There are 2 protein chains.
Amino acid sequence: MPQPDDSEDKPVRARTMAEIAALAGVAESTVSRALAGSERVSEETRERIRKLVQESGYRINSRARSLRTRRSRTIEVVIGISETNRQHFSDPFFSQIVAAIADALAENDYDLLLSRARPWDDVEGADAIASNRADGVIIIGQGREPEKLAEYAASRRNVVVWGADIPDRSYPVVGSDNLLGGRLVARRLLAQGRRRLVFLGDIRHVEIGLRHRGCMEEMTSAGAAPDQTLTLSMPFDSESAYGATRELFRGGIWHDAVFAASDVLAVAAMQALSDLGVRVPEDVSVIGYDDIALAAYVSPALTTIRQDTVAGGRALVENLLTLLDGGEARDAILPTELIVRRSCGGS
Amino acid sequence: MPQPDDSEDKPVRARTMAEIAALAGVAESTVSRALAGSERVSEETRERIRKLVQESGYRINSRARSLRTRRSRTIEVVIGISETNRQHFSDPFFSQIVAAIADALAENDYDLLLSRARPWDDVEGADAIASNRADGVIIIGQGREPEKLAEYAASRRNVVVWGADIPDRSYPVVGSDNLLGGRLVARRLLAQGRRRLVFLGDIRHVEIGLRHRGCMEEMTSAGAAPDQTLTLSMPFDSESAYGATRELFRGGIWHDAVFAASDVLAVAAMQALSDLGVRVPEDVSVIGYDDIALAAYVSPALTTIRQDTVAGGRALVENLLTLLDGGEARDAILPTELIVRRSCGGS
DNA sequence: AGGCGCATGGCAATCGATTGCGCAAACCCC
DNA sequence: GGGGTTTGCGCAATCGATTGCCATGCGCCT
């Protein structure tokens with residue numbers, strides 16, 4: 001018969017700070033301070049408590065903690081692009097930037113809450129949606145209704161946005177120079193002698209609109225007749241781009257260049273061209289936007305505008321934490337660079 | 001001079017339930033019940049409170065709520081694959097499945113917390129890591145140390161895992177049949193007359209190991225000499241796969257097929273082959289695993305084993321919620337299917 | 001020996017919402 | 001009009017950690 005045993009190796013599970021306190025023979029407040037590393041508790045006591053915590057597998061209850069401290073060390077990330085559904089989160093560009101944000105947050109000991117809805121879309125659902133769950137919000141993309149975003153952000157000092165530096169915004173932004181990006185694309189295509197462009201993407205999205213405008217302005221000022229340019233509006237998915245491209249080129253090759261608003265669209269367009277026997281880049285040049293990881297690995301490799309997601313994620317997080325700290329955020333327009341690869345005749 | 005105005009259109013901001021209660025002239029408890037839709041509060045009062053909540057822009061403080069209710073309606077998602085860093089979250093496969101999980105959770109009004117560390121990696125950092133922040137945990141991938149995962153999960157009833165049905169596990173799994181997947185790949189390659197295979201991937205990962213084993217077994221039982229097969233171990237990133245493939249084929253084409261543990265690796269391998277002037281699929285067949293969105297759009301289109309992320313995400317969430325509800329989870333081995341495309345000579 | 005100061009640690013209020021229990025008003029019936 | 005039910009609400013404890021302020025004990029100085 002096993003005798004009751006009070007030896008030290010018995011692993012006592014502790015669930016609350018009070019239990020740890022009892023174990024250590026001190027008050028709850030002391031445990032709290034010890035765990036916070038306060039100088040008010042002697043090094044010796046701190047060490048004893050730390051050990052107890054280890055052994056008992058105790059974990060601070062972060063809900064109670066953040067109720068009291070009014071901070072949760074959690075940041076909410078919202079993909080603002082999609083109007084109809086959330087699936088576009090699976091676009092590699094978005095997941096790359098979310099990953100970058102996650103890493104930057106982790107370095108600062110923050111957690112990342114992936115939001116299921118844009119906070120300014122007032123849900124009519126009778127319930128009051130719970131909130132106060134994150135200390136700050138990072139919004140990816142200004143979407144098609146920047147006014148709503150601006151209104152939402154106007155009353156808060158804990159919102160930063162990945163997007164473009166547009167007028168009337170009420171929040172700090174980090175992003176690439178979309179106008180310049182569009183220009184760079186146009187210049188490259190013009191240098192190649194291409195003039196009959198197809199633009200793929202929904203220009204109602206602020207950033208896409210700017211890319212489009214930059215490209216158009218440059219084309220026009222170079223003397224290309226605007227009516228040689230076709231703009232195909234479409235959502236952010238491969239299927240749409242594939243279908244539209246195929247439809248367009250089915251009758252023959254009149255256009256000689258495709259500028260897609262994102263790499264995902266560009267890759268799908270190239271596939272459509274390939275399926276139709278149209279050669280890239282000989283017959284048609286294709287340029288994308290984002291420089292997702294796979295861009296370099298498709299065949300032909302995709303020429304694209306690089307958006308530095310790692311730098312972007314870091315800048316977003318830094319700005320947000322600065323804001324939360326009472327400081328001022330600094331907008332960051334990241335270097336915007338054309339990466340020339342085979343799809344437009346590069347090496 | 002603006003006169004003080006008490007008209008009803010003055011938007012009173014309320015921050016706590018107590019304030020709403022004061023506004024409505026009832027007790028806090030009544031507000032709580034009203035918002036919860038309790039029958040204990042008259043429809044009339046409920047309506048009045050609802051209206052007040054709307055006008056005042058009040059949001060329930062979810063921290064206080066979940067402290068009290070002991071549920072947060074939040075699920076933590078952990079990418080268990082990477083041993084060294086977290087960057088692999090940007091692998092399209094992982095982001096697809098995270099997206100699917102996010103959607104399934106949203107349908108059930110749960111939030112998704114993206115974790116920065118695997119909970120069983122005991123951080124030696126002196127601080128007790130906060131916890132109790134999610135009601136349940138979804139782990140993607142069993143990683144290279146399934147025992148640790150098993151130990152972690154053994155003591156809880158709120159963990160589900162995307163992975164393989166291996167012995168000694170202590171948690172429900174959802175996943176594809178990796179062994180069968182490997183077999184299907186081998187059969188296809190054998191049918192094509194390919195016998196000199198290269199396997200790309202880290203077989204220490206449980207799932208990868210099974211894919212590898214299935215493939216090997218099938219090859220061997222078909223009489224292919226095992227020593228004709230080369231296994232290249234590597235992490236989950238494009239660069240490694242590109243480099244290793246290039247290195248291997250630089251000297252000439254001896255192997256006639258590549259089976260990569262993931263599509264990302266496969267695409268990179270194809271790029272390396274293409275850069276070396278090796279033709280796919282004429283000289284070398286390439287098959288991947290996952291069927292990420294881009295697989296159909298690379299050129300040549302990638303043959304691969306499809307993992308249904310949408311069904312998987314849904315199954316994971318359903319199982320987890322069932323567990324949380326006190327029910328029993330049902331392991332789900334999803335249909336495992338070879339999608340034949342050009343990269344192995346398909347249409 | 002008395003007094004002062006510092007180092008440690010405990011008390012209790014607090015964060016905001018939830019909920020078991022009990023009370024009061026209203027309504028019914030006889 | 002009185003007793004018994006409903007119906008609708010309020011009281012107060014509770015979830016677990018944090019923190020301002022006070023209390024205790026000890027060493028040290030004069």
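As the structure is a prediction and not an experimental result, all values here were calculated from the model. Residue numbering restarts at 1 for every chain, and letters A, B, ... go by the order of the sequence lines.
Between B:Arg63 atom CZ and C:dA17 atom P there is a gap of 11 Å when expressed in whole angstrom units. B:Arg68 has its CZ atom 9 Å from the C1' atom of C:dG20, to the nearest Å. Following rounding to the nearest Å, B:Arg71 (CZ) and D:dG16 (C1') show an atom-to-atom distance of 19 Å. Rounded to whole angstrom, the span from the CD atom of A:Glu43 across to the P atom of C:dA7 amounts to 15 Å. In this structure, A:Glu28 places its CD atom 14 Å from P of C:dA13, rounding to the nearest Å. Straight-line distance from the CE atom of A:Met17 to the C1' atom of D:dT18: 8 Å, rounded to whole Å. Protein atom CG of B:Leu35 is 9 Å distant from nucleotide atom P of C:dA17, rounded to whole Å. Spacing between atom CD1 of A:Ile49 and atom P of D:dA17 amounts to 13 Å, rounded to whole angstrom units.
Remark: the A:Ser95 side chain and the B:Ser95 side chain contain an N/O donor-acceptor pair separated by less than 3.5 Å. Between the side chains of B:Ser32 and B:Ser29, not a single donor N or O lies within less than 3.5 Å of an accepting N or O. Side-chain atoms of A:Gln142 and A:Tyr171 form a donor-acceptor pair, as typed in the model, at a separation below 3.5 Å.
A:Arg33 contributes a side-chain N or O that forms a donor-acceptor pair with the base of C:dG10 under 3.5 Å. With hydrogens and angles ignored, a donor-acceptor pair under 3.5 angstrom links the side chain of B:Ser29 to the base of D:dC11.
The side chain of B:Tyr58 places no N or O atom within less than 4.0 Å of a non-bridging phosphate oxygen (OP1 or OP2) of C:dG16. Residue B:Ser42 places no side-chain N or O under 4.0 Å from the OP1 or OP2 atom of D:dG8. Close to D:dT18, at under 4.0 Å from its OP1 or OP2, lies a side-chain N or O of A:Arg65.
Comparing B:Val41 and A:Thr16, the nucleotide of DNA chain D nearest to each residue sits closer to the 5' end for B:Val41. DNA chain D is contacted by both B:Ala64 and B:Val26; B:Val26 maps to the nucleotide lying nearer its 5′ end (nearest heavy atom per residue).
The side chain of B:Ser32 sits closest to C:dT18 out of C:dT18, D:dT18, D:dG16. Of the listed nucleotides (D:dT18, C:dG9, D:dC15), C:dG9 has the atom at the smallest distance from the side chain of A:Thr30.
Contact annotation for B:Thr45: backbone-only contact, meaning every heavy-atom pair under 4.0 Å involves sugar-phosphate atoms and none involves a base. Contact annotation for B:Thr69: backbone-only contact, meaning every heavy-atom pair under 4.0 Å involves sugar-phosphate atoms and none involves a base.
Salt bridge status for A:Glu47 with A:Arg50: present, with a side-chain N to carboxylate O gap under 4.0 Å. The existence of a salt bridge linking B:Arg133 and B:Asp111 is excluded, since no basic side-chain nitrogen approaches an acidic carboxylate oxygen closer than 4.0 Å.
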